[in-house]
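Report on one structure; see the data block that follows.
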Amino acid sequence: MNENVDSSNKKRKQLEPFIHETEGKKMTSNEGIPISDDENSLTAGDRGPTLIEDFLAREKLAHFDRERIPERVVHARGYGAHGEFELYESLSDITMADFLQDPNKKTPLFVRFSQVVGSRGCNETNRDVRGFSLKFYTDEGNFDLVAINMPVFFIQDAIKFPDLIHSVKPEPDNEYPQGQTAHDTFWDFMGANKETAHMSLWIMTGRAIPKSFRTMEGFGVHTFRLVNKDGVAHFVKFHIKPMLGVHTLIWDEAQQLGADADYHRRDLWINIANGNYPEYELAIQIIKEEDEFAFDFDILDPTKLWPEEDVPLRKIGKITINRNVDNAFAETEQSAFHPGNIVRGIDFSNDPLLQGRLFSYTDTQQARLGPNHQQLPINRPVCPFANNQRDGASRLIIDRGKVSYHRNGLANNTPYPVPGTQGGFVTYPSTVEGRKVRQTAPSFKDHYSQARMFWNSMSDVEKQQIIGAFCFELGKCRPFVRQGMVNVLAHISHDLARNVSKELGTTVPDVPESTVTKSSPALSLMNTTFVPDTLRVGVFLAEGFDGPSVKKLLDTLVKAKLQMVIVHDRLGTVTGTEGVQYEVDDSFLTGSSLTYDGVLIVGSGNITPYFTYEVQKYTVNIYNHFKPIATMQNGEAVLEPLNLVYDNRIGIMNDSSPDFAKSFIDIMAQQRFWDRPSYLYPSSI
Ligand code: HDD
């Protein structure tokens with residue numbers, strides 16, 4: 001057992017007996033027959049046909065033939081890990097949920113990060129919404145928060161979900177593009193479905209190309225209810241805030257990283273393995289029932305957010321992800337989430353998107369994993385469970401006894417129902433009335449006001465990113481699809497539609513733009529948290545560097561929680577003066593500027609032409625991605641042909657800066673310097 005994990009973790013203890021080790025064991029068939037030869041089929045004679053009686057070959061091949069299960073219809077590519085939740089203070093004032101009562105209680109959880117569109121093997125840096133699913137194994141059953149990294153959704157009614165997904169998946173005739181939104185059918189759908197206007201802006205921001213799962217926000221999107229022991233309900237929205245802040249890739253990085261399909265999962269695995277446990281705060285926004293209609297949007301509409309300035313966040317606890325899975329298939333692939341998995345003290349709202357999800361998730365798990373999916377080790381609750389459901393494919397538990405029906409005399413009518421007053425789940429008795437209709441509520445029909453508020457809230461850099469993303473995405477579409485979407489954008493902002501049209505050859509239609517002037521500063525990523533923790537510094541060391549000063553600096557940087565990646569001409573060791581030596585982590589061949597958050601270039605009297613050439617090449621990319629650059633000793637001479645301007649305000653410095661170490665930590669924490677005067681081109685080397 002991983003010694004970092006609290007042995008009182010109930011989920012860990014529950015999983016332990018299922019863990020199966022093969023190391024050091026003799027080889028057997030699944031029936032336990034020891035195998036003497038696993039490389040040769042049983043044949044009639046040396047060169048004869050294989051015999052059907054070869055039960056060992058049959059078993060091995062037949063099992064292999066069935067190794068795959070259907071991938072998830074959306075969110076197929078995902079990555080999971082274990083963690084725990086600690087409550088800051090009791091929430092008994094607003095909910096009776098057991099795991100939200102006692103700050104001393106730790107609740108085990110499982111998280112699965114995912115991307116919506118691509119299939120299981122797709123590239124992880126594609127532009128896409130990311131899933132952020134949490135399963136809290138509480139003492140009163142499992143609570144799933146099946147969230148995404150954006151606070152709003154494309155559509156308002158679940159019945160349109162298959163259409164949305166059909167449009168965004170690879171086109172059905174030629175089955176491309178894989179895992180991407182930049183194609184005709186998606187933008188055709190978006191242009192024709194005006195309720196997608198707000199979400200269209202979100203997916204064009206950097207949030208759709210996250211830097212890592214560790215720097216990603218999560219949102220429950222829907223309005224839920226929390227209910228306290230007096231039966232009083234409040235409307236709530238759930239938020240998950242990363243302690244490292246929200247940070248994203250820029251498009252050029254995402255494109256270049258395309259060569260590394262596993263970029264996000266590797267980052268998560270390595271950081272958990274190294275003890276850099278990702279941490280997030282769980283927060284809620286609360287609206288009183290009597291204030292349901294106090295806003296200029298409908299709080300049941302999933303295409304709307306609750307501005308944080310109007311409905312503040314209450315941070316309720318901390319999520320720490322602290323253990324990698326033992327087996328990705330058994331745990332991550334077989335994990336089954338469902339927004340309908342709620343516990344006593346939490347309830348639904350009438351959000352029509354949520355209502356449809358309540359059907360779809362159990363249904364999809366039945367199709368993917370079968371009727372007993374809740375018994376798979378990763379999905380089991382940590383509290384006792386008992387009912388009269390029986391049998392079905394791959395039942396994992398052995399139900400003892402004669403009785404499997406309610407109202408029995410043979411077992412004293414057990415298992416017995418639990419009254420609400422003693423812990424049984426009781427649905428919140430909200431009032432429902434009205435005629436049966438198929439229509440969009442009139443209060444759901446304003447599609448542009450919040451989209452405009454979002455646009456108003458963006459910094460210039462973010463606006464440029466959105467414009468650039470629309471130009472790329474729509475640029476991959478046929479003209480009438482482009483124009484269809486520009487027609488939507490014009491309702492949000494003429495300025496946006498005009499800038500996009502310049503690139504696309506479209507025209508701005510003569511429609512009124514939204515007159516909303518409100519903005520929500522919380523929506524801009526310029527206002528997120530900036531800390532140096534876990535950021536990776538590419539330290540380019542030339543043979544013969546000044547040992548003592550480099551050691552002193554690197555030790556200080558490590559204390560500030562930056563991670564050093566030593567880069568050199570080749571793997572092995574690199575040696576400085578006075579016997580200071582470092583193991584090389586990346587050679588120029590195996591490294592990539594894309595995986596460094598900033599660089600420190602240390603020269604010496606012994607710089608090879610190869611070192612000079614590669615460092616310049618790496619630095620051009622680092623510069624163009626707005627990341628910090630520092631030089632030490634005569635590292636500056638290596639970069640001379642690039643004509644860099646050394647100025648801390650644009651994140652470029654040398655060791656003549658006063659308090660070099662501290663300034664370097666500061667510029668690392670800042671991460672990107674958007675005010676660099678121009679791009680560098682490789683030809684300038
Ligand atoms: Fe969904 C998976 C999030 C709308 C139907 N969804 C899925 C996952 C996440 C979300 C994070 C991955 C779960 C995992 O890690 O296994 N989905 C959302 C959010 C939505 C949303 C935040 C809107 C606010 N989804 C939505 C609708 C429907 C679905 C409207 C259908 C009516 N979603 C599914 C699904 C999936 C799924 C088909 C595929 C695999 C699975 O459920 O377990 O049932």
Side-chain angles (χ1 to χ4, degrees), residues 69-82 109-120 128-136 142 144-169 189 193 195-196 198-199 202-203 207-208 210 213 216-224 237-240 264-265 268 299-306 321 325 328-329 331-341 348-349 351-370 373-374 376 378-379:
I69 59 171
E71 67 173 34
R72 287 164 172 80
V73 60
V74 283
H75 295 267
R77 187 161 178 85
Y79 210 59
H82 295 270
L109 59 84
F110 188 70
V111 62
R112 181 173 179 272
F113 299 103
S114 54
Q115 61 205 92
V116 178
V117 183
S119 55
R120 262 197 82 189
D128 198 354
V129 178
R130 299 301 192 281
F132 196 142
S133 302
L134 290 166
K135 190 181 282 295
F136 295 83
N142 291 345
D144 291 358
L145 183 55
V146 194
I148 50 174
N149 71 336
M150 297 181 192
V152 289
F153 203 65
F154 297 87
I155 47 170
Q156 296 167 318
D157 187 325
I159 200 169
K160 293 177 90 167
F161 189 70
D163 301 289
L164 164 71
I165 300 305
H166 286 172
S167 82
V168 70
K169 284 275 183 180
F189 178 89
N193 291 273
E195 72 266 38
T196 64
H198 189 187
M199 186 63 161
W202 280 85
I203 58 173
R207 290 178 189 257
F213 297 138
M216 212 171 76
E217 251 170 331
F219 300 90
V221 179
H222 307 290
T223 298
F224 286 86
K237 277 197 193 276
F238 290 100
H239 295 244
I240 311 158
H264 283 145
R265 56 185 56 199
L268 189 70
I299 66 162
L300 299 183
D301 177 354
T303 65
K304 306 294 183 295
L305 52 84
W306 300 353
I321 311 293
V325 295
F329 179 84
E331 296 169 80
T332 309
E333 191 59 12
Q334 295 198 116
S335 62
F337 293 89
H338 174 33
N341 286 346
F348 312 121
S349 73
D351 171 345
L353 194 70
L354 172 61
Q355 292 284 321
R357 289 180 78 193
L358 298 181
F359 163 74
S360 201
Y361 287 71
T362 31
D363 192 48
T364 210
Q365 310 311 353
Q366 306 284 4
R368 209 166 60 82
L369 301 165
H373 60 269
Q374 291 105 332
L376 290 166
I378 194 64
N379 296 326

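For reference, positions follow the sequence shown, starting with 1. Each ligand, and each atom within it, is numbered from 1 in the order the structure gives.
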*Which residue and heavy atom of the protein sit nearest atom 13 (C) of ligand 1, plus the separation*: S133 OG, 3.4 Å
_Contacting atoms of ligand 1, where contact means under 4.0 angstrom from a heavy atom of V73_ = 38 (C)
*asked:* At less than 4.0 angstrom from any non-hydrogen atom of A158, what atoms of ligand 1 do you find?
replied: 32 (C)
*asked:* Using a 4.0 Å cutoff against the non-hydrogen atoms of R72, which atoms of ligand 1 qualify?
replied: 14 (C), 16 (O), 40 (C)
*Examine K135 relative to F337 and say whether NZ or CZ is less than 6.0 Å from the centre of the six-membered ring and inside a 45° cone about the ring axis.*
yes
*Is the shortest N/O to N/O distance between S335 and ligand 1 below 3.5 Å?*
no
*asked:* Show, in sequence, the C-alpha distance, side-chain angles and deciding distance for E333 and R72, and conclude whether the salt bridge (charged side-chain N to carboxylate O under 4.0 Å, His left out) test is met.
replied: CA-CA 9 Å; E333 191 59 12; R72 287 164 172 80; 3.5 Å; yes
_Atoms of ligand 1, numbered as shown, that sit under 4.0 Å from any heavy atom of L353_ = 23 (C), 24 (C), 30 (C)
*Name all residues meeting the ring-ring contact (aromatic ring centres under 6.0 Å, His included) criterion together with F132; count only those two or more places apart in sequence or in a different chain, and write none if there are none.*
F113, Y280
*Which pair of non-hydrogen atoms, one from H82 and one from I378, has the smallest distance, and what is that distance?*
CE1-CD1, 3.7 Å
*With a cut-off of 4.0 Å, which atoms of ligand 1 are near a heavy atom of V221?*
24 (C)
*Partners meeting salt bridge (Lys or Arg N to Asp or Glu O under 4.0 Å) with E195 (sequence neighbours left out)*: K160
_Flag for H75-R112: side-chain donor and acceptor within less than 3.5 Å_ = no
_Smallest separation among heavy atoms of A336 and R368, with atom names_ = CA-NH2, 4.2 Å
*Would one find an N or O of Q365, backbone or side chain, under 3.5 Å from an N or O of ligand 1?*
yes
*asked:* Is it the case that the side chain of T223 and the backbone of I299 share a donor-acceptor pair, with hydrogens and angles ignored and the cut-off at 3.5 Å?
replied: yes
*P302 near ligand 1, heavy-atom distance under 4.0 Å?*
no
*Please identify each residue that fulfils ring-ring contact (aromatic ring centres under 6.0 Å, His included) with H264, with sequence neighbours left out.*
F213
*Give me the protein N, O or S atoms that fall under 2.8 Å of atom 1 (Fe) of ligand 1, sorted by chain and residue number.*
Y361 OH
*Give the atoms of ligand 1, by number and element, whose distance to some non-hydrogen atom of A147 is under 4.0 Å.*
11 (C)
*Looking only at distances, please establish whether an N/O atom of ligand 1 is found under 3.5 Å from an N/O atom of T364.*
no
*N149 side chain to R207 main-chain N or O, any donor-acceptor pair under 3.5 Å?*
yes
*asked:* Determine whether a donor-acceptor pair (N or O, by modelled atom type, separation under 3.5 Å) exists between the side chain of K169 and the backbone of V117.
replied: yes
_Give the atom numbers and elements of ligand 1 that come within less than 4.0 Å of a heavy atom of F337._
14 (C), 15 (O), 16 (O)
_If the contact criterion is a heavy-atom separation under 4.0 Å, does H338 count as touching ligand 1?_
no
_Minimum heavy-atom separation for V325 and G80, please, with both atom names._
CG1-O, 3.8 Å
_Within the 4.0 Å heavy-atom shell around H222, which atoms of ligand 1 are there?_
23 (C), 24 (C)
